[in-house]
*Asks:* 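I have a structure here, written as C-alpha cells, and I will follow up with some questions on it.
Because the structure is a prediction, the values reported are computed rather than measured. All values below were derived from every heavy atom in this structure, side-chain atoms included, with hydrogens, water molecules and symmetry-related copies excluded.
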Amino acid sequence: AVVSTQSTGGVLQADVGYIREPPAMFRLFCHESLRVFHDRLIDNTDKRFFCDILSQMSSKHFGQDYAAETFEKKPIIFGDFMKMGADPKDRLYEDIKDMDKLKKVLNDYLDDYNMSCHQLRDQVLPTHGPAQ
C-alpha cells in the first residue's frame with residue numbers, strides 16, 4: 001500500500017496546467033513507476049523485465065510506442081528542483097528532458113552543499129591545537 005501511495009503521490013504533485021496531454025501524463029506515470037518500483041530492483045534481469053512490462057503498458061494503455069531499452073537509454077525524469085533557490089510554492093514538478101542542464105543543476109547543488117558543509121565544519125571544529 002505504501003508503494004502505490006508513493007507512486008500516486010508523485011502523479012498528484014504534477015501541475016494540471018503543465019500535464020495536459022496524454023503523452024505528458026504517460027511520461028509522468030513512467031517516471032513515478034520507475035522511481036517507485038524499478039529503482040528498488042537489484043537484479044538487472046528483473047529491471048529489464050520491469051521495462052518490458054512498462055513498454056507493453058505504454059502501447060496497450062497509453063497508445064505510446066516505447067521500446068523497453070528506451071527507458072534506460074533516455075531516462076524519464078521529473079523534478080521540482082531545476083530552478084535553484086525557488087520558493088517551494090513556486091516550484092514546478094516538470095519533465096526534465098535536457099540531461100546536460102540536469103547535470104549542471106545537480107553539480108550546482110553539489111557545489112552549494114560542499115561549500116555549506118565546509119563553512120559548517122569551520123564553525124564546529126576548533127581552530128587551535130589541543131590544550132597542553
Side-chain angles (χ1 to χ4, degrees):
V2 172
V3 172
S4 64
T5 301
Q6 290 172 338
S7 183
T8 304
V11 170
L12 293 176
Q13 271 190 54
D15 185 310
V16 294
Y18 181 74
I19 305 292
R20 299 188 68 83
E21 301 297 321
M25 185 56 158
F26 164 72
R27 288 182 61 82
L28 177 60
F29 171 79
C30 288
H31 165 79
E32 295 302 330
S33 298
L34 289 163
R35 300 295 70 83
V36 172
F37 299 106
H38 180 271
D39 289 357
R40 295 171 188 244
L41 299 173
I42 57 172
D43 181 77
N44 285 335
T45 303
D46 291 343
K47 289 181 179 193
R48 272 188 238 107
F49 181 68
F50 182 84
C51 288
D52 286 338
I53 292 171
L54 200 54
S55 175
Q56 292 168 17
M57 288 180 63
S58 71
S59 176
K60 184 176 180 180
H61 298 290
F62 291 96
Q64 302 290 314
D65 186 24
Y66 267 75
E69 303 81 39
T70 306
F71 296 111
E72 292 181 24
K73 292 178 182 174
K74 293 183 178 180
I76 298 174
I77 300 174
F78 276 72
D80 67 351
F81 51 83
M82 292 300 285
K83 293 183 182 174
M84 290 188 70
D87 191 86
K89 68 179 180 359
D90 295 329
R91 291 181 175 180
L92 177 64
Y93 195 60
E94 62 185 320
D95 191 353
I96 304 167
K97 295 180 181 176
D98 185 342
M99 292 299 119
D100 291 330
K101 183 176 179 183
L102 174 63
K103 287 177 187 176
K104 183 187 178 325
V105 168
L106 292 177
N107 279 323
D108 289 346
Y109 276 112
L110 182 59
D111 290 344
D112 283 356
Y113 174 79
N114 286 336
M115 288 179 67
S116 69
C117 285
H118 179 68
Q119 291 171 354
L120 182 61
R121 281 195 304 260
D122 286 344
Q123 293 172 1
V124 173
L125 297 174
T127 56
H128 52 75
Q132 305 246 339

*Asks:* How long is the straight-line distance from NE2 of H61 back to CZ of F29, given to the nearest 0.5 Å?
*Replies:*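 Output value for this atom pair is 8.5 Å.
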*Asks:* Does the side chain of L92 reach to within under 4.5 Å of the side chain of K83, using non-hydrogen atoms?
*Replies:*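 Contact flag for L92/K83 side chains = no.
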*Asks:* Do you reckon I19 sits in the same ILVMFWY cluster as V36, going by side-chain contacts under 4.5 Å, direct or chained?
*Replies:*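 I19 clusters together with V36.
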*Asks:* What orientation do H38 and F50 show, parallel under 30°, tilted 30 to 60°, or perpendicular over 60°?
*Replies:*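 Because their plane-to-plane angle lies in the 30° to 60° range, the rings of H38 and F50 count as tilted.
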*Asks:* Hey, any chance L102 and Y93 share a hydrophobic cluster, counting ILVMFWY side chains that come within less than 4.5 Å of each other, even indirectly?
*Replies:*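 Different clusters: L102 never reaches Y93 through Ile, Leu, Val, Met, Phe, Trp or Tyr contacts under 4.5 Å.
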*Asks:* Report whether F49 and I76 are members of the same hydrophobic cluster (ILVMFWY, side-chain heavy atoms less than 4.5 Å apart, transitive linking).
*Replies:*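 Yes, one cluster joins them.
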*Asks:* Under a 4.5 Å side-chain heavy-atom rule over Ile, Leu, Val, Met, Phe, Trp and Tyr, are M99 and F78 clustered together?
*Replies:*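 Different clusters: M99 never reaches F78 through Ile, Leu, Val, Met, Phe, Trp or Tyr contacts under 4.5 Å.
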*Asks:* To the nearest 0.5 Å, what is the distance between CG on L28 and OG on S33?
*Replies:*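 Separation between the atoms: 9.0 Å.
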*Asks:* Hey, could you give me the CE/NZ distance between M82 and K104, rounded to the nearest 0.5 Å?
*Replies:*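 If I round to the nearest 0.5 Å, the distance is 10.0 Å.
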*Asks:* Okay, side chain of R27, backbone of P23: is any donor-acceptor separation there less than 3.5 Å?
*Replies:*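 Checked: no pair found.
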*Asks:* Quick check: do R48 and E72 have side-chain heavy atoms less than 4.5 Å from each other?
*Replies:*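 The answer is yes, as the side chains (C-beta and beyond) meet within the 4.5 Å cut-off.
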*Asks:* Quick one: closest heavy-atom pair of I96 and G79, and the distance?
*Replies:*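 Scanning both residues completely, I find the closest heavy atoms to be CD1-N, 3.7 Å.
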*Asks:* Which atom names give the shortest non-hydrogen contact between M84 and D108, and what distance separates them?
*Replies:*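 Of all heavy-atom pairs spanning M84 and D108, the closest is SD-CB, 3.4 Å.
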*Asks:* State the CG-CZ distance between D46 and R40, to the nearest 0.5 angstrom.
*Replies:*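 Nearest 0.5 Å value for the CG-CZ distance: 14.5 Å.
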*Asks:* Say you draw a straight line from CD1 of I42 to NZ of K47; how long is it, rounded to the nearest 0.5 Å?
*Replies:*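 Reported value, rounded in 0.5 Å steps: 9.0 Å.
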*Asks:* Using 30° and 60° as the class boundaries, would you call the ring planes of Y66 and F71 parallel, tilted or perpendicular?
*Replies:*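 Parallel.
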*Asks:* Could you measure the distance from the CZ atom of R35 to the SG atom of C30? Nearest 0.5 Å is fine.
*Replies:*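 Spacing of CZ (R35) from SG (C30) equals 10.5 Å.
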*Asks:* At their closest point, which heavy atom of A68 faces which heavy atom of D52, and how far apart are they?
*Replies:*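 So the minimum-distance heavy-atom pair works out to CB-OD1, 3.1 Å.
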*Asks:* If you count every heavy atom of other residues, nucleotides or ligands that lies below 6.0 Å from D65 atom CG, does the total exceed 12?
*Replies:*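 Result for CG/D65: open.
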*Asks:* Give the intermediate values and the outcome of side-chain contact (heavy atoms from CB on, under 4.5 Å) for residues D95 and H31.
*Replies:* CA-CA 9 Å; D95 191 353; H31 165 79; over 6 Å; no
*Asks:* Are L34 and L41 in one and the same hydrophobic cluster, where Ile, Leu, Val, Met, Phe, Trp and Tyr link if side-chain heavy atoms are under 4.5 Å apart?
*Replies:*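 Same hydrophobic cluster.
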